[in-house]
Amino acid sequence: MTPQDFVIRMLPPFGGWLALAALALPGGSPLRGAAVVVFLAAGPGAALVGLCGPALRIRVARGPVERRDPDFARHSDLLERLMLVVFVSIGAVMIVATVLIATHAFSAQRVLLALTLLTTLAAFFPRLRASPPRTPRTRKGSVL
């Protein structure tokens, strides 16, 4: 792993720890709100989608028949990953908040702490590898 890959991999957990540190700022501080919202909207999703990065890249987007944009596949894949990051983050926030509500332990700080720990764990977890496409197996004596 190159140092650049390591820095990119550690950005989401750093954002979570930064959001936790921002809780020390006064309650109405725009910096506090911005740090927390940006982390909750993208942090957990970026770490979790990053885990599946190689598996997601195995299939590229197919464009329309007439190609006006030569970079369609790259732009489409980038948009797909961006949307996945946001929606996986929102889903993680909802699941963690629901679990904490169900256990009568809900507070914004606990949700933020749990998501920061999840994001840190996902950043240190090894990336999933893409498996090669399978060829259909045929049985002995089969026509196929």
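On a predicted model such as this, the values are computed, not experimentally measured, just so you know. Residue numbers count from 1 along this sequence.
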Hey, are the side chains of F39 and P12 touching, using non-hydrogen atoms and a 4.5 Å cut-off? no
For A122, enumerate each residue passing the side-chain contact (heavy atoms from CB on, under 4.5 Å) test, keeping only those at least two apart in sequence or located in another chain. A47, L48, L51
Consider only side-chain heavy atoms of I, L, V, M, F, W and Y, link residues closer than 4.5 Å, and tell whether F125 and F14 are in one cluster. no
Are L84 and V93 connected in a single hydrophobic cluster, I mean Ile/Leu/Val/Met/Phe/Trp/Tyr linked by side-chain heavy atoms less than 4.5 Å apart? yes
In residues 16-38, what donor-acceptor pairs under 3.5 Å come from side-chain atoms, sequence neighbours left out?
{"residue": "W17", "atom": "NE1", "partner": "T120", "partner atom": "OG1", "Å": "3.1"}
{"residue": "S29", "atom": "OG", "partner": "L31", "partner atom": "N", "Å": "3.4"}
{"residue": "R32", "atom": "NH1", "partner": "L25", "partner atom": "O", "Å": "3.1"}

Is there a donor-acceptor pair closer than 3.5 Å between any side-chain N or O of R110 and the backbone N or O of A105? yes
Within 6.0 Å of CE in M10, more than 12 heavy atoms from elsewhere: yes
Enter the distance from I90:CD1 to I95:CD1 here, rounded to the nearest 0.5 Å. 12.0 Å
For the student: nearest non-hydrogen atoms of A123 and P13, plus distance: CB-CG, 3.4 Å
Heavy atoms, side chains only, cut-off 4.5 Å: are Q109 and L112 in contact? no
Residues which pass side-chain contact (heavy atoms from CB on, under 4.5 Å) with A114, listed by chain and number, not counting sequence neighbours: V96
Look at the side-chain heavy atoms of Ile, Leu, Val, Met, Phe, Trp and Tyr, link any pair under 4.5 Å apart, and say whether V99 and L113 land in one connected group. no
By side-chain contact (heavy atoms from CB on, under 4.5 Å), A97 pairs with (sequence neighbours left out) F106, V111
Approximate separation, where rounding is to 0.5 Å, of R81 CZ and L78 CG: 8.5 Å
Indicate yes or no: at least one non-hydrogen side-chain atom of L115 is less than 4.5 angstrom from one of L118. yes
Got a sec, which residues hit side-chain contact (heavy atoms from CB on, under 4.5 Å) with M83, two or more places apart in sequence or on another chain? L79, F87
Any side-chain hydrogen bond (donor to acceptor under 3.5 Å, both in side chains) involving residues 2-11? Give me the pairs, sequence neighbours left out, ordered by first then second residue. T2-D5
